[in-house]
Amino acid sequence: MDERLQKAIKLREKGMLEESNESLLDLIRMSPNNPQFNYHCAWSYDALGEEAKAVPYYEKAIQLGLTDEDLEGALLGLGSTYRTLGQYENSQKTLQKAIERFPNNKALQVFYSMTLYNLKQHHEAMELLLRCIAETSQDHNILDYKKAIKFYANKLDETWK
């Protein structure tokens with residue numbers, strides 16, 4: 001990894017968000033088509049709470065091509081950012097694409113369930129969340145009821161007599 005990028009990431013990790021963002025913008029000015037610089041710049045804007053500024057950097061990083069690990073994070077970041085901006089359809093498309101590419105990433109599924117909620121697809125959102133909880137929880141109380149949680153995940157409106 002580029003030494004200058006590592007320095008900007010360390011600044012972000014230390015909570016020096018503005019300094020990290022400034023460093024990343026300098027890197028992009030020098031190398032505008034570097035996908036990692038664009039990805040981390042997007043991330044820095046998200047960390048600063050400036051989601052609208054993050055979007056073009058996420059989009060460019062993805063378009064330029066990222067390693068799978070960075071692509072996974074960029075798709076999650078972009079999908080989540082679209083959701084926070086009220087761009088629910090863009091969020092849905094982005095997160096669906098991410099889940100198809102990275103089906104074992106439960107965080108993607110959780111963020112996707114939030115988008116489904118915003119799209120008023122409450123049943124699908126709850127089913128996905130319940131399945132994620134049942135499949136990933138280490139809580140012994142959840143594990144005791146794992147089978148039941150998974151069974152009821154898509155039957156929330158059913159009643160039995």
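Sequential numbering from 1 along the given sequence is applied to the chain's residues.
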Self-check item: Spacing of CD belonging to Glu51 relative to CG belonging to Asp46, to within rounding of 0.5 Å
Solution: 5.5 Å
Exercise. Check for a donor-acceptor pair, side chain of Ser91 on one end and backbone N or O of Ser80 on the other, with a separation under 3.5 Å.
Key: no
Quiz prompt | Donor-acceptor contact below 3.5 Å, side chain Gln109 vs main chain Pro103 | solution = yes
Quiz item: How far does NE2 of His40 sit from OH of Tyr58, to the nearest 0.5 angstrom?
Solution: 10.0 Å
Quiz item: Does any non-hydrogen side-chain atom of Ile9 lie less than 4.5 Å from one of Arg12?
Solution: yes
Quiz item: Do Ser23 side-chain atoms and Glu19 backbone N/O form a donor-acceptor pair below 3.5 Å?
Solution: yes
Exercise. Would you kindly confirm whether Leu85 and Leu76 end up in one hydrophobic cluster when ILVMFWY residues are joined by side chain heavy atoms under 4.5 Å apart?
Key: yes
Quiz item: Under 4.5 Å between side-chain heavy atoms, hopping through other hydrophobics if needed: is there a path connecting Ile142 to Tyr145?
Solution: yes
Exercise. Look at the aromatic rings of Tyr39 and Trp43 and report parallel, tilted or perpendicular, splitting at 30° and 60°.
Key: tilted
Practice problem: Give the minimum heavy-atom separation between Asp68 and Phe102, together with the two atoms involved. | Solution: O-CZ, 3.5 Å
Quiz item: So Phe151 and Trp160, would you call those rings parallel, tilted or perpendicular, with 30° and 60° as cut-offs?
Solution: tilted
Quiz item: What do you reckon, is NZ of Lys155 surrounded by more than 12 foreign heavy atoms closer than 6.0 Å?
Solution: yes
Practice problem: Would you sort out whether Lys93 and Glu89 count as a salt bridge (charged side-chain N to carboxylate O under 4.0 Å, His left out), showing the intermediate values? | Solution: CA-CA 6 Å; Lys93 288 178 198 165; Glu89 290 78 14; over 6 Å; no
Quiz prompt | Glu135 side, atom CD; Lys106 side, atom NZ - distance, nearest 0.5 Å | solution = 4.0 Å
Quiz item: Does Lys60 use its side chain to pair, donor to acceptor, with the backbone of Pro32 at less than 3.5 Å?
Solution: yes
Practice problem: Of all the heavy-atom pairs spanning Pro35 and Ala61, show the shortest one and how long it is. | Solution: O-CB, 3.3 Å
Self-check item: Gap separating the NZ atom of Lys97 from the CZ atom of Arg101, nearest 0.5 angstrom
Solution: 8.5 Å
Self-check item: Partners meeting side-chain hydrogen bond (donor to acceptor under 3.5 Å, both in side chains) with Asp139 (sequence neighbours left out)
Solution: none
Quiz item: Is a side-chain N or O of Asn38 found less than 3.5 angstrom from the main chain of Asn33, in a donor-acceptor match?
Solution: no
Quiz item: Should Tyr57 and Leu11 be counted in the same cluster of Ile, Leu, Val, Met, Phe, Trp and Tyr side chains packed under 4.5 Å apart?
Solution: no
Self-check item: Donor-acceptor under 3.5 Å (Thr136 side chain, Cys132 main chain)
Solution: yes
Exercise. For residues Ala153 and Arg131, report the shortest heavy-atom separation together with the two atoms involved.
Key: CB-CG, 4.0 Å
Exercise. Measure the spacing between CG of Leu5 and NZ of Lys10 and express it to the nearest 0.5 Å.
Key: 11.0 Å
Quiz prompt | Glu158 CD: over 12 foreign heavy atoms closer than 6.0 Å | solution = yes
Exercise. Kindly give the heavy-atom pair with the smallest separation between Thr94 and Gly79, and that separation in Å.
Key: CG2-N, 3.7 Å
Quiz item: Counting only heavy atoms not in His123, do more than 12 sit closer than 6.0 Å to its NE2 atom?
Solution: no
Quiz prompt | Nearest heavy atoms of Leu66 and Ala74, plus distance in Å | solution = CD1-CB, 3.6 Å
Quiz prompt | Whether Ser20 side chain and Leu17 backbone form a donor-acceptor pair below 3.5 Å | solution = no
Practice problem: Measure the CG-CD1 distance between Asn34 and Ile28 for me, rounded to the nearest 0.5 Å. | Solution: 8.5 Å
Practice problem: Check whether the side chains of Glu72 and Asn105 place a donor and an acceptor atom closer than 3.5 Å, and report yes or no. | Solution: yes
Self-check item: Verify same cluster id: Leu78, Tyr45 (apolar side-chain graph, 4.5 Å)
Solution: no
Self-check item: Joint hydrophobic cluster, Met126 plus Tyr117, side-chain heavy atoms closer than 4.5 Å
Solution: no
Self-check item: Minimum-distance pair of heavy atoms, taken over all atoms of Phe111 and Arg83
Solution: O-CD, 4.4 Å
Self-check item: Derivation of the side-chain contact (heavy atoms from CB on, under 4.5 Å) call for Lys120 and His122
Solution: CA-CA 5 Å; Lys120 310 290 188 238; His122 303 122; 4.0 Å; yes
